[in-house]
Amino acid sequence: MHRKSGRRASALLTTALFSLAIWTVMLMGLAGSSRAQVTIVQLSDTHIGLSTAPHSSANLTKAVQMINQLHPDAVIVTGDIGERLTAWQQARKILSALTVPVFYAPGNHDVHTHNVADYRKVFGPDYYRFTIKGVVFLVIDSQLLGNYDNFSATTPPPLPADTAAESAKMITWLANQAASIPKGATVIGVQHIPIFRNGSFPGSKPYWIISDPYRTREMTQLTKIGVKHMLVGHWHNYRVFLSNGITWHEGASTSWLPFGGQLGFSVHVISNGNVQSRFVAIPGATP
């Protein structure tokens with residue numbers, strides 16, 4: 001009886017250990033899948049239809065061909081897509097040749113102080129959330145965080161009342177995101193206009209960044225959510241810099257170069273909360 005009991009206990013222990021091993025492998029697999037490597041291509045400032053960028057369509061077409069060879073998980077366009085409805089349609093037609101999903105964020109050439117409804121008719125929501133392999137992306141409409149209609153303004157112009165109301169709605173939406181984001185998830189912010197300068201670049205005009213009170217309102221929510229990386233555009237100049245606890249991945253332009261540099265796009269590899277970025281030039285692209 002003693003031997004039989006011992007054998008039975010040993011068998012039960014073996015079964016329990018085997019079951020534990022299976023559950024451990026399954027849990028490790030789930031953890032690995034939620035932190036899988038994600039590759040994102042960032043296009044920015046395509047400016048289809050802009051008179052100072054006559055080759056923008058040809059450059060974007062070249063970029064699409066190159067991106068398809070890279071096989072990313074998705075493409076994100078960080079604003080200034082085109083100058084008018086027909087330009088938006090042309091940009092979408094060119095980008096439809098991509099073999100991966102495309103996500104859009106509006107720029108100040110797309111959305112002005114009174115026409116966000118026009119953008120929404122073509123592209124859908126101007127602020128929203130999506131997830132790729134467990135990485136959460138928050139797309140924000142930076143044009144609801146300031147008035148960028150006057151390039152030469154030396155102080156931040158106020159938002160009209162209707163746009164200010166839209167801005168409040170978006171900040172409330174952003175504040176509500178934290179409650180539904182899975183614990184430990186990597187969260188990447190996406191918008192057109194950066195919140196901060198890179199040192200003194202690109203200059204002191206309010207046009208180049210988000211100004212207060214909207215800067216503080218947005219940063220308060222980004223900090224609560226735990227955003228450590230932002231994909232942004234607007235400056236037409238690829239660079240990566242740290243400011244106020246966030247790494248800003250400034251996308252290159254495919255259209256023209258107000259500050260010099262090269263035309264191209266960015267490739268971001270996201271893994272375990274880290275973002276590694278690199279610039280890819282478009283050979284033969286004409287500013």
Side-chain angles (χ1 to χ4, degrees), residues 31-45 67 70-81 98 100-107 123-145 170-171 173-196 198 209-210 215 217-235 238-252 265-280:
S33 65
S34 66
R35 291 182 173 273
Q37 181 172 290
V38 177
T39 301
I40 300 293
V41 167
Q42 178 189 0
L43 288 165
S44 197
D45 297 276
I67 293 167
L70 297 175
H71 306 291
D73 293 295
V75 171
I76 299 176
V77 184
T78 50
D80 282 1
I81 303 157
L98 287 166
V100 295
V102 183
F103 300 91
Y104 296 90
F123 294 99
D126 51 320
Y127 55 90
Y128 58 97
R129 165 179 158 183
F130 65 94
T131 302
I132 299 177
K133 294 182 180 177
V135 177
V136 178
F137 295 85
L138 297 176
V139 176
I140 298 163
D141 183 352
S142 56
Q143 284 56 252
L144 299 182
L145 299 170
M170 183 177 71
I171 292 297
W173 167 83
L174 189 59
N176 291 335
Q177 295 308 300
S180 58
I181 292 175
K183 186 177 180 180
T186 299
V187 185
I188 308 292
V190 178
Q191 67 188 52
H192 180 63
I193 298 176
I195 301 179
F196 300 102
N198 181 198
I209 59 168
I210 306 295
R215 171 169 51 205
R217 292 173 187 173
E218 182 181 12
M219 280 299 296
T220 297
Q221 302 309 324
L222 294 178
T223 301
K224 286 181 180 178
I225 293 169
V227 173
K228 299 296 183 184
H229 295 270
M230 294 282 292
L231 310 185
V232 293
H234 194 49
W235 297 349
Y238 172 80
R239 50 183 64 209
V240 178
F241 64 98
L242 178 67
S243 180
N244 290 263
I246 293 177
T247 299
W248 304 86
H249 302 262
E250 170 65 37
F265 54 86
S266 304
V267 178
H268 308 292
V269 178
I270 305 166
S271 180
N272 296 320
N274 298 314
V275 180
Q276 297 294 324
S277 300
R278 66 184 175 94
F279 169 75
V280 178

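Keep in mind that what you see is a predicted model, and the values were worked out from it rather than measured. Just so it is clear, the values below take in all heavy atoms, side chains as well, and ignore hydrogens, waters and symmetry mates.
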Could you go through the side-chain contact (heavy atoms from CB on, under 4.5 Å) check for R278 and V269 one step at a time?
CA-CA 9 Å; R278 66 184 175 94; V269 178; 6.0 Å; no

Atom [atom1] of [X] and atom [atom2] of [Y]: how far apart are they, to the nearest 0.5 Å?
X: I40; Y: S277; atom1: CD1; atom2: OG; result: 11.0 Å
X: L231; Y: L43; atom1: CG; atom2: CG; result: 12.0 Å
X: N274; Y: K228; atom1: CG; atom2: NZ; result: 12.0 Å

For residues [X] and [Y], determine if any side-chain heavy atom of one lies less than 4.5 Å from a side-chain heavy atom of the other.
X: L144; Y: D126; result: yes
X: I132; Y: I270; result: no
X: V135; Y: K133; result: no
X: M170; Y: L174; result: no
X: M230; Y: L222; result: yes
X: L70; Y: F265; result: yes
X: L145; Y: I193; result: no
X: P72; Y: I67; result: yes

Which heavy atom of [X] sits nearest a heavy atom of [Y], and at what distance?
X: A185; Y: V136; value: CB-CG2, 4.3 Å
X: S142; Y: P106; value: OG-O, 4.4 Å
X: A252; Y: F279; value: CB-CE1, 3.5 Å
X: S180; Y: R129; value: OG-NH1, 2.8 Å
X: I140; Y: Y127; value: CA-CB, 4.2 Å
X: I209; Y: I195; value: CB-O, 3.7 Å

Partner residues of Y104 under the ring-ring contact (aromatic ring centres under 6.0 Å, His included) criterion, sequence neighbours left out
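Partners of Y104 by the ring-ring contact (aromatic ring centres under 6.0 Å, His included) criterion, ordered by chain and then number, come out as F123.
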
Chi angles and distances behind the ring pair (Phe, Tyr, Trp, His ring centres under 6.0 Å) call for F103, F137:
CA-CA 10 Å; F103 300 91; F137 295 85; 7.7 Å; no

Relative to the ring of H249, is the ring of H268 parallel (under 30°), tilted (30 to 60°) or perpendicular (over 60°)?
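H268 and H249: perpendicular rings.
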
Whether W235 and F241 hold their rings parallel, tilted or perpendicular, with breakpoints at 30° and 60°
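Plane angle under 30°, so parallel.
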
Residue that, paired with T78, satisfies side chain to side chain donor-acceptor pair (under 3.5 Å) out of Q42, Q191, H234, E250
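Only one option passes, and that is Q42.
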
Applying the side-chain contact (heavy atoms from CB on, under 4.5 Å) test to W248, which of L242, V232, N198 qualifies?
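Looking at L242, V232, N198, the match for W248 under the side-chain contact (heavy atoms from CB on, under 4.5 Å) is V232.
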
Test side-chain contact (heavy atoms from CB on, under 4.5 Å) applied to F130 and V190, step by step
CA-CA 11 Å; F130 65 94; V190 178; 5.5 Å; no

Test log, rule side-chain contact (heavy atoms from CB on, under 4.5 Å), inputs V275 and T247
CA-CA 9 Å; V275 180; T247 299; over 6 Å; no

